[in-house]
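Given the structure is predicted, the values throughout are model-derived calculations rather than measurements. All residue numbers refer to positions in the sequence shown, counting from 1.
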Amino acid sequence: MLEPFRFMGEPVADAVIQEVFANNEVATVNRILQSIQSNVHLVPGEMPDAVEAYLNQTDDWPEWADAEKVLLGQRLFQRYGMQMTLAYFTWSLPCCYAWAKAAKVLTWTGGIDKHVHRRIIETAQFVLDVMGEGGLGPKGFGVRTAQKIRLLHATIRYHVGGDARWQASEWGTPANQEDHVATLLTLALVPRVLTRLQLDFTPQEEDAYFHCWRVIGHFLGIHPTLLPRDLEDAQQLWEAIQQRQVKPSVEGAALTKALVDYLKTRIPGTMMDGIAVAMMRELCSEAVADAVGLEKTDWTRHLLGPMRWMFSLSDEAQDQSGLAAKISASLSRELLEGLHSSETGGSRVSFRIPQSLQESWNLTAPGEKQAS
């Protein structure tokens, strides 16, 4: 079932990028890629005809999308987004790095530290854009961000796939459909992962959150027959991909080490350096932890018991005072509030947190966060 998707790109975006390069409009591609980091919207009228047509033709909701479910899913993120963000860094990304073939794409151009820093920023910005209030609405930030990432993937296929060193028969098409849907699932299944830290969600909430990501998968160009219909379908697909793709690799271990080192710089002090690995060990399967070479956890693993308690207390008390939620999400807060000062390869980046999420999470820095 999955093997054909390993050799499949995304025809719509691929055609756009091929036309852009054929017309020697490389500056356009650079603007698209830079806009992902700078968080600047692509304006169709300022783009070549192929890109303008693409932006206008790929921003419609699918017929099956349910606006009420999308709103409920976004409200769930508004309530638990701090904890979910922590899970993105300590579960979603390590899972991506555990896929040996996909990890080769992520490290193909070198600069592993640079890649990890950029991936963290872009992933966080993407999630906030699509899950913020109005992010998936007409001309929403989330829709445009998804469209840009779709073009980014096509650019990767164009460059890496055209490299004579790339072994397509063994590794598949770079940035292929299987890897795309797997990455989507690392975001869509986060509520189920967070139950390990004593957060509890109703079936309706989990379904609505997943529905949000199914809509997002549509905007990312995931093949309709591969996009899971519901949570049960998603779980079965996830398990099938894990069995196929999780394998130890030098690339995956290097990416994970860079991720851990980056997270250490975002958690104040040195006594808590082991907490990132402890969280990864707790949330990831043994197969993933071993594949990416996670070191055995130190004394910080004993903090997971109190953290579970704080997450549980947050779940019960959040509507009343929000105090416990702030405590339980402190690690995620440090990550979010530090992203605005991040650099990728010496280049300053902008990081935008939607106003509705700033208010819900009581983040200290108001308005749009700019590097200085």
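Distance check, rounded to the nearest 0.5 Å: CG of Leu259 to NZ of Lys264 gives 11.0 Å. Rounded to the nearest 0.5 angstrom, Arg157 CZ and Gln18 CD are separated by 9.5 Å. One finds the CG atom of Leu136 at 5.0 Å from the CD1 atom of Ile216 (value rounded to the nearest 0.5 Å).
Residues Val292 and Leu255 fail the side-chain proximity criterion, which asks for heavy atoms closer than 4.5 Å. Residues Val215 and Lys69 form no side-chain contact, since every pair of their non-hydrogen atoms from C-beta on lies 4.5 Å or further apart. Put simply, the side chain of Trp213 reaches to within 4.5 Å of the side chain of Val127, judged on heavy atoms. Here the side chains of Met279 and Leu263 are not in contact, with every heavy-atom distance at 4.5 Å or above.
Closest non-hydrogen pair, Phe210 versus Ala234, comes out as CE1-CB, 3.5 Å. Taking every heavy atom of both residues into account, Ala276 and Thr90 meet most closely at O-CG2, 4.2 Å. Between Tyr209 and Leu76 the shortest heavy-atom distance is CB-CD2, 4.0 Å.
Each of Arg6, Lys101, Gln245 was checked for a side-chain hydrogen bond (donor to acceptor under 3.5 Å, both in side chains) with Asp179, and the lone residue meeting it is Arg6.
Donor-acceptor pairing under 3.5 Å is recorded for the side chains of Gln147 and Arg144. A side-chain N or O of Asp129 and one of Gln125 form a donor-acceptor pair less than 3.5 Å apart.
Checking side-chain atoms of Thr145 against main-chain N and O of Phe126 turns up no donor-acceptor pair under 3.5 Å. A donor-acceptor distance shorter than 3.5 angstrom exists from the side chain of His218 to the backbone of Asp60, with no hydrogens or angles considered. Here the side chain of Gln177 pairs a donor or acceptor atom with the backbone of Gly221 at under 3.5 angstrom. In this structure, His180 contributes its side chain and Ala175 its backbone to a donor-acceptor pair below 3.5 Å.
Clustering ILVMFWY residues whenever any of their side-chain heavy atoms sit less than 4.5 angstrom apart, transitively, puts Leu231 in the very cluster that holds Leu226. In the hydrophobic cluster analysis, where Ile, Leu, Val, Met, Phe, Trp and Tyr join through side-chain heavy atoms closer than 4.5 angstrom, Leu72 is grouped apart from Met131. Tracing side-chain contacts under 4.5 Å through hydrophobic residues (I, L, V, M, F, W, Y), one reaches Val12 starting from Tyr158; they form part of the same cluster. Using a 4.5 Å cut-off between side-chain heavy atoms of Ile, Leu, Val, Met, Phe, Trp and Tyr, with links allowed through other members, Leu71 and Trp61 fall into different hydrophobic clusters. Hydrophobic clustering of Ile, Leu, Val, Met, Phe, Trp and Tyr side chains at less than 4.5 Å, counting indirect connections, keeps Val105 apart from Val250.
In summary, the aromatic rings of His159 and Trp166 are positioned with their centroids too far apart to meet the 6.0 Å limit. In summary, the aromatic rings of Tyr80 and Phe201 are positioned with their centroids under 6.0 Å apart.
The aromatic rings of Trp108 and Trp171 stand perpendicular to each other, their planes meeting at an angle above 60°, with 30° marking the opposite boundary. Relative orientation of the Phe77 and Tyr88 rings is parallel, given thresholds of 30° and 60° on the angle between their planes.
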Go through it in stages, so that I can follow the logic: the residues are Phe5 and Val181, the test is side-chain contact (heavy atoms from CB on, under 4.5 Å), and I'd like the CA-CA distance, side-chain angles, deciding distance and then a yes or no.
CA-CA 10 Å; Phe5 292 106; Val181 76; over 6 Å; no
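Shown here is Glu133, whose CD atom has no more than 12 heavy atoms of other residues, nucleotides or ligands within 6.0 Å. Other residues, nucleotides and ligands contribute only 12 or fewer heavy atoms inside 6.0 Å of the CD atom of Glu232.
Note that Arg192 lies outside the cation-pi zone of Trp238, set by a 6.0 Å cut-off to the ring centre and a 45° limit from the axis.
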